[in-house]
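Residue numbers begin at 1 in each chain, while the letters A, B, ... track the order of the sequences.
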Amino acid sequence: MTDTTFDADGITLEKVREYVWEVPQEGDMRTPARVLASEALLEEIKEDKTLEQIKNTTHLPGITNHAICMPDGHQGYGFPVGGVGALDAENGCISPGAVGYDINCGVRMMRTNLTYDDLQGREEELVDSLFANVPSGLGGGGIVKAGVDTVEEILERGVDWALENGHAVEEDLLHCEDEGVRTEADASKISQKAKDRGKNQIGSLGSGNHFLEVQRVTDVFDDAVGDAYGLEEDQIVVLIHCGSRGLGHQTCNDYLRKIEQQHQGLLNQLPDKELAAAPAGSQLAEDYYKAMNAAINFAWVNRQLIMHRTRQVFERVFDRSWEEMDMHLLYDVAHNIAKKETHAVGVGPEGRPVRDGDAVEHEERELYVHRKGATRAFPAGHPEVPKAYRDVGQPVIIPGSMGAGSYVLRGGENSMDLTFGSTAHGAGRLMSRTQAKNEYWGGDVQDELEQQEQIYVKAQSGATVAEEAPGVYKDVDEVVRVSDALGIGDKVARTFPVCNIKG
DNA sequence: ATGTAC
């Protein structure tokens, strides 16, 4: 390691500038790979296959500018969790592994006008009531029990279905990425098996790192943006982190197998089978995109039902209407998706995308922006930022571990130039689930959190608590510090857990 | 992440 390079066991990164590192283009790489991280985070990132994977990603046809690894990057299926890959939507490809198994895993934050004082002494009652009323854990059981026809409606209509069926109010849609619906969804592109898995899971948290957390706002770093978001110190908020459950998982699996079979030519060009991709314009690329959009809609309805049920739980516990408690959706943002987006891309003399320094002009290009474990972070003024937040930028919600709290950021000024409008999505794991279960015991973790931090955790399984112990995660403060310093997602507020329910 | 294994 020198001032300008970082040696990571066989892969040498060159420092472009503070927090920007590059794996130079070589061999069959189509572009360089970039890692946005501090030296401290790089020391952790280099411990697994993250760097190799982000390098592999640059082999995908149509990769534009560079494959990008976020400060919270870690190893995933083929493509790192914490990766952004913008692939040309005309001449490139789309890759299910670069979206992730949990299609539209994401987070939403709901505000309240309660303060920490209002809750103290009632944490147990609240956590018990949430746990009893919000389905969680592996397998079936959701807030809505329905048939496949209902699933199909949800797949195509997204949160609009929830609105029509009394699980949402109009404003909920406005404060959701894409207003809670991907219109290019087609339920007929989702397998019967996936729909069958989904029909018993409409409105359910799931397991693993998914949770519902009641939190208090401990810091507001930017008063003006905090104001626009309706956040102030000591306020109680609710954070919901979950995805598309078995339906999304099945959909990812279905299309990976089909793409592996039908696009072997492309597969053979790639260094890792897990990056299997369908060429833009192919039938499977179109089908996967429509299916993925449908699974995205399912996940938004899932988070919506859980949020609305949480309003009802608060109504019972605090004996007031949710409107009186000001329980409005701040924002819902996905962190496992791909989307056709138009971005300004540097183009060389032959009209092909080139690195910015070599560009003779910039052109608007349509790209499949894959964000896997990465959050959209559009800056102020972007037309896709809801009107209420347009002047300050899109809210970005970064969940931390259950002992460390979470952050609210706003899309930064540099995000469009550096990351196709994206930033990190969380703390990132430090150790595997298996390793975590050897290091921790769920009951001990729970007792310690309650006694030392006054955090009340209730889970279906002790193993899940061990797997999610605060110590298995990277330092979320450092991840957010780097995002803020790069100007891709700026710090707005920090929260700390009060009650947490999980699978 | 996931009815935690093709």
Touch class at under 4.0 angstrom, heavy-atom based, for [X] against every strand present:
X: Q201(A); result: sugar-phosphate
X: S207(A); result: sugar-phosphate
X: K437(A); result: nothing
X: G246(A); result: sugar-phosphate

Qualifying salt bridge (Lys or Arg N to Asp or Glu O under 4.0 Å) pairs with a residue from residues 55-74 of chain A, counting only residues at least two apart or across chains: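 Listed once each, the pairs are E26(A)-K55(A).
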First encountered from the 5' end of DNA chain B, between L138(A) and E468(A):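 Checking each residue's closest nucleotide, the 5'-ward one belongs to E468(A).
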Would you mind reading off the distance between [X] atom [atom1] and [N] atom [atom2], rounded to a whole angstrom?
X: N104(A); N: dT2(B); atom1: CG; atom2: C1'; answer: 16 Å
X: N253(A); N: dT4(B); atom1: CG; atom2: C1'; answer: 13 Å
X: D102(A); N: dT4(B); atom1: CG; atom2: P; answer: 15 Å
X: L256(A); N: dC6(B); atom1: CG; atom2: P; answer: 13 Å
X: Y101(A); N: dA5(B); atom1: OH; atom2: P; answer: 12 Å
X: H241(A); N: dT2(B); atom1: NE2; atom2: P; answer: 10 Å
X: K273(A); N: dC6(B); atom1: NZ; atom2: C1'; answer: 10 Å
X: Q250(A); N: dT4(B); atom1: CD; atom2: P; answer: 12 Å

Sub-4.0 Å heavy-atom contacts from residues 141-150 of chain A onto DNA chain B, ordered by number: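 Residues of residues 141-150 of chain A under 4.0 Å from DNA chain B: none.
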Partner set under salt bridge (Lys or Arg N to Asp or Glu O under 4.0 Å) for E152(A), not counting sequence neighbours: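 Only K195(A) meet the salt bridge (Lys or Arg N to Asp or Glu O under 4.0 Å) criterion with E152(A).
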Salt bridge (Lys or Arg N to Asp or Glu O under 4.0 Å) with D28(A): which residues, sequence neighbours excluded?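 Salt bridge (Lys or Arg N to Asp or Glu O under 4.0 Å) check on D28(A) returns nothing, list empty.
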Heavy-atom side-chain proximity of L212(A) to L205(A) below 4.5 angstrom: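 L212(A) vs L205(A): side chains touch.
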Per-pair distances, 0.1 Å, donor-acceptor, side chain in residues 496-503 of chain A, under 3.5 Å, sequence neighbours excluded:
from: N500(A); atom 1: ND2; to: E213(A); atom 2: OE2; distance (Å): 2.5

When R376(A) is tested against each of E341(A), E384(A), H425(A) for side chain to side chain donor-acceptor pair (under 3.5 Å), which residue passes?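 Output: one option passes, namely E384(A).
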Please enumerate all residues that pass side-chain hydrogen bond (donor to acceptor under 3.5 Å, both in side chains) together with E478(A), with sequence neighbours excluded.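 Once residues adjacent in sequence are excluded, the partners of E478(A) under the side-chain hydrogen bond (donor to acceptor under 3.5 Å, both in side chains) criterion are S38(A), R481(A).
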OP1 or OP2 of dT4(B) under 4.0 Å from side-chain N/O of R433(A):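 Indeed not, no polar side-chain atom of R433(A) lies that close.
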